[in-house]
Amino acid sequence: MNILDNIRIVLVEPIHGGNIGSVCRAMNNNDLTDLAIVNPRPTTDWDDARKLACNAKEQLDARKEYATLAEAVAGCTVVAGTSARTGFYRDTAHPPREFAPIALESATNHKIALVFGREDKGLFNEELALCTHILQIPSSERYTSLNLSHAVMVCGYELFTAAGIFQASEEKADEADSALRERMFSTWREMMIETEFTHDQKLEHMMMGLRRIFSRGKLTVPDCKILMGLAKQSLWVSSQWKKAQNHE
Ligand code: SAH
């Protein structure tokens with residue numbers, strides 16, 4: 001079982017079906033599967049929810065519904081409430097990045113919950129009182145409140161990346177060694193002379209500049225071959241051009 005299956009996303013009295021659907025989509029992007037809705041509203045547009053869920057209709061259909069937050073989190077050890085506001089005991093809020101390892105440690109063996117509030121009124125103090133942790137997503141002072149599904153996305157992303165499931169693609173090409181790099185630099189040196197790119201006095205200075213530019217990132221064997229090919233082609237074009245000049 002995936003550790004992220006132990007993380008329950010709890011929405012308290014969400015208003016807009018579209019937001020619920022978008023939450024499902026964000027959950028799907030981050031391998032989260034357990035959605036709970038507290039006191040669903042009779043006015044919610046579930047067609048909108050389905051539309052915005054896109055490929056995450058499974059999460060939407062598998063949602064659990066509870067009458068109260070206490071019931072939705074009853075089986076959870078860590079219960080993290082999210083809030084854009086300060087005050088109450090929100091002042092001890094963690095950013096989601098700092099919270100992710102704490103969450104994953106508990107989620108290894110237990111169910112945990114992340115609780116999100118109403119679009120208009122957030123979470124009430126008595127709901128925050130049920131929480132063991134408060135999370136605040138860092139945001140601009142100009143407007144601290146995120147859209148409900150965006151808040152789920154940010155928290156979900158931090159949990160997903162901290163879980164280390166995703167393997168970033170790695171450079172497969174071998175790194176160039178000094179001998180190959182020096183062959184490449186000497187071709188460039190020759191090319192700079194032949195194309196009269198620089199005067200003799202400035203040549204070594206230019207070469208140091210090139211060395212600095214090319215060592216800002218790792219040079220691979222194919223990188224060196226491309227750079228060498230470019231210099232060799234320039235040398236060839238320059239020799240052709242010189243030949244043509246001599247025949248004129
Ligand atoms: N007007 C409400 C904001 C609700 S936004 C209020 O003042 O609380 C809907 C929900 O998204 C919030 O209850 C919270 O769960 C989450 N959310 C929005 N912005 C957030 C932020 N900056 N940090 C943490 N959670 C946030």
Side-chain angles (χ1 to χ4, degrees), residues 4 7-30 32-41 43-46 48-49 52-53 56 59-60 63-74 76 78-104 106-107 111-162:
L4 298 171
I7 302 177
R8 172 169 294 174
I9 300 297
V10 183
L11 308 183
V12 178
E13 296 184 343
I15 301 171
H16 303 293
N19 278 341
I20 300 171
S22 301
V23 163
C24 293
R25 182 175 181 168
M27 287 174 65
N28 209 14
N29 290 135
N30 294 297
L32 295 164
T33 49
D34 186 355
L35 173 67
I37 299 190
V38 173
N39 197 22
R41 301 183 190 230
T43 47
T44 292
D45 183 340
W46 291 100
D48 242 15
L52 279 128
Q59 276 86 341
L60 182 65
R63 72 185 180 274
K64 299 171 192 92
E65 298 186 350
Y66 297 90
T68 63
L69 177 60
E71 289 167 77
V73 300
C76 300
V78 168
V79 178
T82 54
S83 178
R85 281 179 285 165
T86 51
F88 190 49
Y89 60 93
R90 295 180 184 91
D91 292 342
T92 55
H94 301 266
R97 188 160 301 173
E98 190 186 295
F99 171 72
I102 301 170
L104 292 174
S106 289
K111 261 270 170 221
I112 70 156
L114 255 68
V115 185
F116 296 84
R118 305 149 184 88
E119 290 93 328
D120 55 347
K121 295 188 180 131
L123 290 169
F124 300 149
N125 285 349
E126 55 272 27
E127 290 161 343
L128 284 169
L130 286 172
C131 299
T132 56
H133 297 73
I134 309 281
L135 307 187
Q136 188 176 21
I137 299 165
S139 49
S140 162
E141 271 179 23
R142 244 179 292 151
Y143 195 36
T144 55
S145 171
L146 277 75
N147 167 274
L148 173 59
S149 68
H150 296 183
V152 173
M153 184 68 194
V154 172
C155 295
Y157 169 79
E158 292 296 349
L159 292 164
F160 180 73
T161 48

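Order of appearance sets the numbers: ligands from 1, and atoms from 1 within every ligand.
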J.: Ligand 1 versus Glu119, non-hydrogen atoms closer than 4.0 Å: side chain, backbone, both, neither?
T.: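 Backbone only.
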J.: If only atom types and distance count, is the side chain of Thr161 paired as donor or acceptor with the main-chain N or O of Glu158 below 3.5 Å?
T.: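 Yes: the side chain of Thr161 pairs with the backbone of Glu158.
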J.: Under 4.0 Å from a heavy atom of Gln136: give me the atoms of ligand 1 that qualify, with their elements.
T.: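 Atoms satisfying the 4.0 Å criterion: 23 (N), 24 (C).
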J.: Just need the protein heavy atom nearest to atom 2 (C) of ligand 1, so name the residue and atom and give the distance.
T.: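 Result: Gly122 N, 3.7 Å.
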J.: Of all the non-hydrogen atoms in the protein, which one sits nearest to atom 1 (N) of ligand 1, and at what distance?
T.: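 Ranked first by proximity to atom 1 (N) of ligand 1 is Asp120 O, 3.4 Å.
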J.: As an exercise, identify every atom of ligand 1 less than 4.0 angstrom from a heavy atom of Ser139.
T.: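 Matching atoms, with element in brackets: 22 (N).
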J.: Of the backbone atoms (N, CA, C, O) and the side-chain heavy atoms from C-beta on, which set of Pro138 has a member under 4.0 Å from an atom of ligand 1: side chain, backbone, both, or neither?
T.: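 Neither; nothing of Pro138 gets under 4.0 Å from ligand 1.
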J.: Donor-acceptor pair, distance only, cut-off 3.5 Å: does the side chain of Gln136 make one with the backbone of Ala93?
T.: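 Looks like no, no N/O pair under 3.5 Å.
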J.: Between Val10, Ile137, Leu146, Thr144, which one has a non-hydrogen atom sitting closest to atom 18 (C) of ligand 1?
T.: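 Nearest option to atom 18 (C) of ligand 1, by heavy atoms: Leu146.
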J.: In the protein, which heavy atom is nearest to atom 17 (N) of ligand 1, and how far is it?
T.: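 Result for atom 17 (N) of ligand 1: Ala151 CB, 3.6 Å.
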J.: Indicate yes or no: at least one non-hydrogen side-chain atom of Met27 is less than 4.5 angstrom from one of Thr33.
T.: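 They are not in contact (no side-chain heavy atoms under 4.5 Å apart), so the answer is no.
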J.: Using the side chain to side chain contact (heavy atoms under 4.5 Å, CB included) definition, which of the options Val115, Leu114, Ile37 pairs with Ile9?
T.: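 Between Ile9 and the candidates, side chain to side chain contact (heavy atoms under 4.5 Å, CB included) is satisfied uniquely by Leu114.
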J.: Which heavy atom of the protein is the closest neighbour of atom 20 (C) of ligand 1, given with residue, atom name and distance?
T.: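 Heavy-atom neighbour on the protein nearest atom 20 (C) of ligand 1: Ala84 CB, 3.6 Å.
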J.: Only heavy atoms of Phe116, strictly under 4.0 Å: list the atoms of ligand 1 that pass.
T.: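 Taking each heavy atom of Phe116 in turn, ligand 1 has 15 (O) under 4.0 Å.
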J.: Atom 10 (C) of ligand 1: which protein heavy atom is closest, and how many Å away?
T.: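 Ranking protein heavy atoms by distance from atom 10 (C) of ligand 1, first comes Gly117 O, 3.7 Å.
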J.: Both conditions, 6.0 Å and 45 degrees, for the charged tip of Arg118 above the ring of Phe124: are they met here?
T.: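 Yes, Arg118 sits over the ring of Phe124.
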J.: Going by heavy atoms, is Arg118 under 4.0 Å from ligand 1?
T.: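 Under 4.0 Å: yes for Arg118.
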J.: Quick one: does any side-chain atom of Ser149 pair with a main-chain N or O of Asn19 as donor and acceptor, under 3.5 Å?
T.: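 Judged by distance alone, no pair lies under 3.5 Å.
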J.: Between the main-chain N or O of Arg142 and the side-chain N or O of Ser140, is there a donor-acceptor pair closer than 3.5 Å?
T.: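 Yes.
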J.: Would you mind finding which of Thr82, Asn147, Val12 brings a heavy atom closest to atom 14 (C) of ligand 1?
T.: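 It is Thr82 whose heavy atom sits nearest to atom 14 (C) of ligand 1.
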J.: With the threshold set at 4.0 Å, does a side-chain nitrogen-carboxylate oxygen contact exist between Arg63 and Asp34?
T.: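 Salt bridge flag = no for Asp34 with Arg63.
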J.: May I ask you to identify the nearest protein heavy atom to atom 6 (C) of ligand 1, giving residue, atom name and distance to one decimal place in Å?
T.: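 Answer for atom 6 (C) of ligand 1: Arg85 NE, 3.5 Å.
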J.: Any side-chain to backbone donor/acceptor pair from Glu119 onto His16? Under 3.5 Å, distance only.
T.: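 Such a contact is found between Glu119 side chain and His16 backbone.
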J.: Should the proximity of Ser145 to ligand 1, defined as any heavy atom under 4.0 Å, be assigned to the side chain, the backbone, both, or neither?
T.: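 Both parts.
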J.: Using distance alone, determine whether Leu135 and ligand 1 share an N or O pair under 3.5 Å.
T.: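 There is no such contact.
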J.: Tell me, yes or no, whether the heavy-atom count around Tyr157 atom OH, taken from other residues, nucleotides or ligands under 6.0 Å, exceeds 12.
T.: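 Counting neighbours around OH of Tyr157, 12 or fewer heavy atoms of other residues, nucleotides or ligands fall under 6.0 Å, so no.
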